[in-house]
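To start, the structure under review is shown below, and the notes come after it.
What you see is a predicted model, and the numbers here were worked out from it, not measured in a lab. Labels below follow one simple rule: chain letters A, B, ... track the order of the sequence lines, proteins then strands, and each chain is numbered from 1. All heavy atoms count here, side chains included; hydrogens, waters and symmetry mates do not.
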There are 2 protein chains.
Amino acid sequence: MGSSERKEREKAELKEQILHTAKKILLKSGKNGLSIRKIANEIEYSPATIYLYFKDKDEILHELMEMGFMLKNKYMAHAYSEKDPAQRLYEIGKAYVTFGIQNKDWYDIMFNSDEPMQHMAKCREDWDQGMAMFNFLTMTCREAIQKYELSGLDESVMALQLWSSVHGLVNLALTQRLDIVEHTDKQELIEKVLNSMLKCIFKK
Amino acid sequence: MGSSERKEREKAELKEQILHTAKKILLKSGKNGLSIRKIANEIEYSPATIYLYFKDKDEILHELMEMGFMLKNKYMAHAYSEKDPAQRLYEIGKAYVTFGIQNKDWYDIMFNSDEPMQHMAKCREDWDQGMAMFNFLTMTCREAIQKYELSGLDESVMALQLWSSVHGLVNLALTQRLDIVEHTDKQELIEKVLNSMLKCIFKK
DNA sequence: AAACATAATGAACACTGTTCATAATAATCA
DNA sequence: TGATTATTATGAACAGTGTTCATTATGTTT
């Protein structure tokens, strides 16, 4: 009978529900407030049940990481379609920082946590979405180097330099370490630094 | 009698022993492996005793942060005495990254953790050592701007840009996120990016 | 020796991730 | 329909975590 299909569907639905609840708790209580037991409590199942649908907590964090990239892509979409490579780099940087500042919990899971990376190492998976992001960045750098004749710049090094810069800026902001810089408007300060980073590369 | 002095000395000694043990565990098992109960076990006291010497775990992490800055200063000492501001910035950057790469556990506590910052917030303390570091960096930027006539650059923005860049680079390296960049020698890659960051600012 | 102050602790509370034998439910077969 | 099998769920336990507090032990002073 087709009942086996229904069962599979039900199984997938509960898996979805677990992830949906995990996301809800992440947004309400942050990464440290997210626990297997809270998820179980919320969906009214035993904690042990979670382990019938996910190998361990790392796997759940990995799935959340993938959800985070979906959200991040929304922030980046308009930047990706920009034609001029220099302008595109600027828009990518701005979107990246905005996403990070506005979504600490997602950002921590995607770019600061060991757990989802360990899950990938265990399952011999690749960091597809991070890879895609970095490849697109590298490609844009290549275009920019060609168009603006930035001789002596390696595309990989330039991409990594840009990523490091915005990643560092986001992290300093998210961990309250920008507070030591005397400045009235923090948002303005971040924008100034970001502008300086990008300008820096293109001035000859 | 002078016995009260001895008691105070003994109290300070046990406090020292707790911190020394905390450091030992941090180096052996990392930040996640460090627990009050492990410290208590190691010094052969009850976990509750720790709370007679420290308000909570955050305070211990804060003390460890200060110890971390001592270690970091050793890495930076030679850079701080460099005369030429541009060369000094280069040496500071190199020392900072080297320290971070070689001391993940210290780095996490000093620059990535919320806990020691929260402790400072609770006690209305300042982040003195971080402040001192950033002030020196800003001062060096000012000197460099003057000497090399880098017009249009703000010293605070420049300092923050440099800090963000090396901070981001260290964090990407420490969380295994540099693995996605095709490169044989990771150490070499890091040096190339670091060089590019610094060169970037000084080319006109 | 008795009174007092200080220091140390055992036990508890409320959590965490994870495992596994057992129990409940659903699907299939005779 | 009733018995058998496969799936799904769980209670309880293990080994941890930070933290608090009433009680006990220790050392000092009168």
Side-chain angles (χ1 to χ4, degrees), chain A residues 1-19 21-22 25-26 28-64 108-109 113-116 118-119 122-123, chain B residues 1-19 21-22 25-26 28-64 108-109 113-116 118-119 122-123:
Chain A
M1 327 292 164
S3 66
S4 65
E5 290 168 24
R6 196 205 64 211
K7 290 206 83 183
E8 269 190 45
R9 205 176 57 233
E10 280 176 358
K11 228 188 136 149
E13 269 169 23
L14 186 45
K15 195 165 182 174
E16 260 330 294
Q17 211 194 331
I18 291 170
L19 288 176
T21 307
I25 296 171
L26 176 75
K28 205 208 288 176
S29 320
K31 206 200 131 193
N32 288 339
L34 174 62
S35 77
I36 300 280
R37 294 175 120 100
K38 271 187 197 163
I39 299 172
N41 207 51
E42 185 79 21
I43 63 175
E44 294 178 292
Y45 276 84
S46 147
T49 304
I50 309 279
Y51 289 86
L52 299 176
Y53 296 85
F54 296 94
K55 202 170 118 280
D56 51 24
K57 198 187 174 183
D58 288 7
E59 193 178 339
I60 294 178
L61 288 172
H62 178 255
E63 298 269 3
L64 286 175
D108 277 345
I109 286 184
S113 299
D114 289 327
E115 296 95 325
Q118 278 167 231
H119 171 265
K122 273 186 282 182
C123 301
Chain B
M1 326 289 166
S3 65
S4 65
E5 292 166 23
R6 196 205 63 213
K7 290 203 84 182
E8 267 190 45
R9 206 175 55 234
E10 281 177 357
K11 230 190 135 150
E13 269 169 23
L14 185 45
K15 195 164 181 173
E16 260 329 295
Q17 210 195 330
I18 291 170
L19 288 176
T21 307
I25 296 171
L26 176 74
K28 205 208 287 175
S29 319
K31 205 198 131 194
N32 287 340
L34 175 63
S35 78
I36 301 279
R37 295 176 121 99
K38 271 187 198 164
I39 298 172
N41 207 53
E42 185 79 21
I43 62 174
E44 293 177 293
Y45 277 84
S46 147
T49 303
I50 309 279
Y51 289 86
L52 299 176
Y53 296 84
F54 295 93
K55 203 169 119 281
D56 51 22
K57 198 187 174 184
D58 288 7
E59 193 177 340
I60 294 178
L61 288 173
H62 178 255
E63 299 270 2
L64 286 175
D108 278 344
I109 286 184
S113 299
D114 289 327
E115 296 95 325
Q118 277 167 231
H119 171 264
K122 272 186 283 183
C123 300

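The separation between A/D58 atom CG and C/dT16 atom P is 17 Å, rounded to whole Å. What separates NZ of A/K55 from P of C/dG17 is a distance of 15 Å, to the nearest Å. Going from atom CD of B/E13 over to atom P of C/dA7 covers 14 Å, rounded to whole Å. The distance from atom CZ of A/F54 to atom C1' of D/dT8 is 16 Å, rounded to the nearest whole Å. Going from atom OH of A/Y53 over to atom C1' of C/dG17 covers 19 Å, rounded to whole Å. Counting to the nearest Å, the C1' atom of C/dA26 and the CG atom of A/L14 are 16 Å from each other. The OH-P distance, from A/Y51 to C/dT16, rounds to 11 Å in whole Å. With rounding to whole Å, B/N32 atom CG is found 16 Å from C/dT16 atom P.
Atom OG1 of residue A/T21 and atom CG of residue A/L14 lie 9.0 Å apart, to the nearest 0.5 angstrom. Here the CD-NZ distance, from B/E59 to B/K122, works out to 8.5 Å after rounding to the nearest 0.5 Å. Note: A/I60 CD1 to A/L26 CG = 12.0 Å, rounded to the nearest 0.5 Å.
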Which atom pairs, one a donor and one an acceptor, fall under 3.5 Å between side chains of residues 33-44 of chain B and the rest of the protein, sequence neighbours left out?
residue : atom : partner : partner atom : Å
B/S35   : OG   : B/K38   : N            : 3.1
B/K38   : NZ   : B/G33   : O            : 2.8
B/E42   : OE2  : B/K24   : NZ           : 2.9

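Heavy-atom contacts from other residues, nucleotides or ligands closer than 6.0 Å to NZ of B/K55 number more than 12.
B/S113 contributes no side-chain N or O that, together with a main-chain N or O of B/E115, makes up a donor-acceptor pair within less than 3.5 Å.
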Next on the checklist: Treating primed atoms plus P, OP1 and OP2 as sugar-phosphate and everything else as base, which nucleotides of nucleotides 10-17 of chain D get B, S or - for protein heavy atoms under 4.0 Å?
Outcome noted: BB-B---B

